[in-house]
Amino acid sequence: MFQFACVVISPFSTNMALRLVCCSALRTGTDVGVSNARTFGTAAILCRRSAPLGPMPNEDIDYRNLESLEKYRSYTRYLKKAEEAKNTPAWWKTYRQYQEQEDPGHDVERANIGLPHCRPSRVKEARERKRVVKENRRSIELERATRLRTFKVSLDRVQAGWEETSGPYHVQRLADHYGIFRDLFPMAYFYPRVTLCVSYGQDSPAQVHYGNHLTPTEAAVAPQVSFEAEEGSIWTLLLTSPDEHLQDSEGEYVHWLVGNIPGGTVTSGEELCPYLAPIPAKGTGFHRYVYILFRQEGTIDFHEDIRPLPCVSLSERSFKTVEFYRKHQDSMTPAGLSFFQSQWDQSVSNTFHNTLDMKEPVFEFERPPVYHPPQVKYPHGQPLRYLDRYRDGQEHTYGIY
């Protein structure tokens, strides 16, 4: 049993500013009734905290007498004082300043490169809303359906209303969540004002939404693309993947590129690059495939962007969306967006071997199947679980289980 006595020296002492000595006092063995008591001592060095480089925040406030502080008496005066304090230079760094020092591009305002939005007058919206409410109140059939709980809401009208109001903003947030703008349009974004409908297959169509999963088998052939377009308008449709490139981490592979589309008829456009099925390499997880619709100001000469047919080389399909847009940014504006995710299946191997005529890259270890010796009818000296090896096999399993 030991009893410790600790002597604390004030750090402001001039003689003992750089050390603190902790002494241990021993109670003798005769005091505690123990003959083999030992002594030990410890020492620690205390370093003086460096003085601040300037006055600390709120150093001049007397917290013991808060009633003597000047009152703002109005929110305007408080806001004025807050702006002055914000603009006053300080010797310390804020969290945002440390972030900007580590990442200069952090919190930089991005540019909106999409179509301008002409919002209708709020007065007209309020009048239209009042008119609809009055018509609904006068409708006897609507009242009866509501009372009898047989009223049905048209999901098509709900979808159309969503697309006209908050739909573009929700899609933009989804694209930000999936990193679409970060990888395709650095320091830029846009609101997809035009709804892009992409569906694969005819018997059981697989629709492309905003990040849903489709297999490469479902997306093996070119889809049907439709969108609302004014008469005489010209468009460009692009399908690219920012995750597939095998040599450049910032590169892309263009899977489909159609330019000078008259109206909404994609089949009548100029095919600059033929369609290629998704090719997510085995072991690389899900890949993003992005459809982007551009609205053109007029007919564009795409002779520099045409890929030679049949374009079955990945080097010929190397692509960068931001460079393509910068080249034609005076003549086109992104207007629509849709994307899906896909991962490896057996059709990817067929695409690499038959279409691209190359070895398939594999990024995971393929384990060989477990070897089991041929099954014997009378397994003498084998454990009871011997038959479990052959239950799921194609060979005959003897006995009834």
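Along the sequence shown, residues are numbered consecutively beginning with 1.
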ask   = Does the ring center of Tyr289 lie less than 6.0 Å from the ring center of Tyr291?
value = no
inquiry  = Other residues, nucleotides and ligands only: do more than 12 of their heavy atoms fall within 6.0 Å of CD on Glu364?
reply    = yes
ask   = Is the shortest heavy-atom distance from the side chain of Trp344 to the side chain of Ser349 under 4.5 Å?
value = yes
query = What's the spacing between Glu316 CD and Arg307 CZ if we round to 0.5 Å?
reply = 9.0 Å
inquiry  = Are there over 12 heavy-atom neighbours, none belonging to Arg138, within less than 6.0 Å of that residue's CZ?
reply    = no
ask   = Hey, is CZ on Arg173 packed in by over 12 heavy atoms from elsewhere, all under 6.0 Å?
value = no
task = I would like to know whether Tyr200 and Thr215 meet side chain to side chain contact (heavy atoms under 4.5 Å, CB included); could you show each step before the answer?
result = CA-CA 11 Å; Tyr200 286 95; Thr215 62; over 6 Å; no
message = Quick one, Thr236 and Leu257 - any side-chain contact, counting heavy atoms below 4.5 Å?
response = yes
message = Are Tyr178 and Gln341 packed together at the side-chain level, in the sense that at least one heavy-atom pair is separated by less than 4.5 angstrom?
response = yes
query = Any salt bridge between Arg77 and Glu70, counting N to O under 4.0 Å?
reply = yes
query = Measuring from Leu356:CG to Thr351:OG1, what's the distance to the nearest 0.5 Å?
reply = 7.0 Å
query = Taking all atoms of both residues into account, what is the closest heavy-atom pair of Phe352 and Lys359, and its distance?
reply = CD2-O, 4.3 Å
message = Tell me the closest heavy-atom pair linking Ile279 and Leu276, and the distance in Å.
response = CD1-CD2, 4.4 Å
inquiry  = Is there a side-chain contact between Gln375 and Leu387 in this structure, where contact means two heavy atoms from C-beta onward sitting under 4.5 Å apart?
reply    = yes
ask   = Which heavy atom of Asp305 sits nearest a heavy atom of Lys327, and at what distance?
value = OD1-NZ, 3.1 Å
message = Using only atom types and a distance under 3.5 Å, with no angle test, would you say the side chain of Lys71 pairs donor to acceptor with the backbone of Leu69?
response = yes
ask   = Got a sec: does the OH of Tyr78 have more than 12 other heavy atoms crowding it under 6.0 Å?
value = no
key: Neighbour count above 12 (heavy atom, 6.0 Å) for Gln247 CD   = no
query = For residues Ser313 and Ser315, is any side-chain donor paired with an opposing acceptor at under 3.5 Å?
reply = yes
ask   = Do Glu270 and Ile306 have side-chain heavy atoms sitting under 4.5 Å apart?
value = yes
request  = Indicate yes or no for a side-chain donor-acceptor contact from Trp92 to the backbone of Met56 under 3.5 Å, with no hydrogens or angles considered.
outcome  = no
Euclidean distance, Trp256 CH2 relative to Cys273 SG, rounded to 0.5 Å = 11.0 Å
ask   = Nearest 0.5 Å, what's the CD-OG distance between Gln207 and Ser338?
value = 7.5 Å
query = Considering all heavy atoms of both residues, which atom of Gly298 and which atom of Gln296 are nearest to each other, and what is their separation?
reply = O-NE2, 2.8 Å
key: Residues in side-chain contact (heavy atoms from CB on, under 4.5 Å) contact with Glu323, at least two apart in sequence or another chain   = Lys320
note = Taken to the nearest 0.5 Å, the spacing of Trp235 CH2 from Leu196 CG works out to 10.0 Å
request  = State which residue, out of His255, Arg288, Arg317, Glu252, fulfils the side-chain hydrogen bond (donor to acceptor under 3.5 Å, both in side chains) condition with Thr240.
outcome  = Glu252
inquiry  = With no hydrogens and no angle check, just 3.5 Å: does a side-chain donor-acceptor pair link Asp345 and Ser347?
reply    = yes
inquiry  = Atom CD of residue position Gln224 - does it have more than 12 heavy atoms of other residues, nucleotides or ligands inside 6.0 Å?
reply    = yes
inquiry  = Regarding Arg131 and Glu128, does a basic nitrogen lie under 4.0 Å from an acidic carboxylate oxygen?
reply    = yes
request  = Measure up the His245 and Tyr253 rings against each other and bin them: parallel (under 30°), tilted (30 to 60°), perpendicular (over 60°).
outcome  = parallel
request  = Give the minimum heavy-atom separation between Tyr275 and Pro278, together with the two atoms involved.
outcome  = OH-CD, 4.1 Å
inquiry  = Tell me if a side-chain donor or acceptor on Asn212 pairs with a main-chain N or O of His209 at a distance below 3.5 Å.
reply    = yes
query = Of the non-hydrogen atoms in Ser342 and Leu214, which two are nearest, and what is the gap between them?
reply = OG-O, 2.9 Å
Over 12 foreign heavy atoms within 6.0 Å of CG, Asp357 = no
ask   = Judged by modelled atom types alone, do Asn350 and Gln346 share a side-chain donor-acceptor pair under 3.5 Å?
value = no
key: From Val290, Val225, Val198, Leu239, residue fulfilling side-chain contact (heavy atoms from CB on, under 4.5 Å) relative to Val208   = Val198
query = Is Glu143 paired with Arg147 through a side-chain N to carboxylate O contact shorter than 4.0 Å?
reply = yes
request  = State, yes or no, whether a side-chain contact exists between Tyr169 and His117 at a heavy-atom distance under 4.5 Å.
outcome  = yes
inquiry  = Donor-acceptor check, side chain of Ser331 to backbone of Glu297, threshold 3.5 angstrom: yes or no?
reply    = no
ask   = With distance as the sole test, does Glu163 use its side chain to make a donor-acceptor pair with the main-chain N or O of Thr195 at under 3.5 Å?
value = no
query = Backbone N or O of Ile300 within a donor-acceptor pair of the Asn260 side chain at under 3.5 Å?
reply = yes
ask   = Just how far is it from atom CG of Leu174 to atom CG of Asp176, taken to the nearest 0.5 Å?
value = 9.5 Å
query = Does the side chain of Phe181 reach to within under 4.5 Å of the side chain of Leu337, using non-hydrogen atoms?
reply = yes
ask   = Does a sphere of radius 6.0 Å around CD in Glu84 hold more than 12 heavy atoms from other residues, nucleotides or ligands, not counting ones at 6.0 Å or beyond?
value = yes
message = So Leu184 and Ile292, do their side chains get closer than 4.5 Å, heavy atoms only?
response = yes
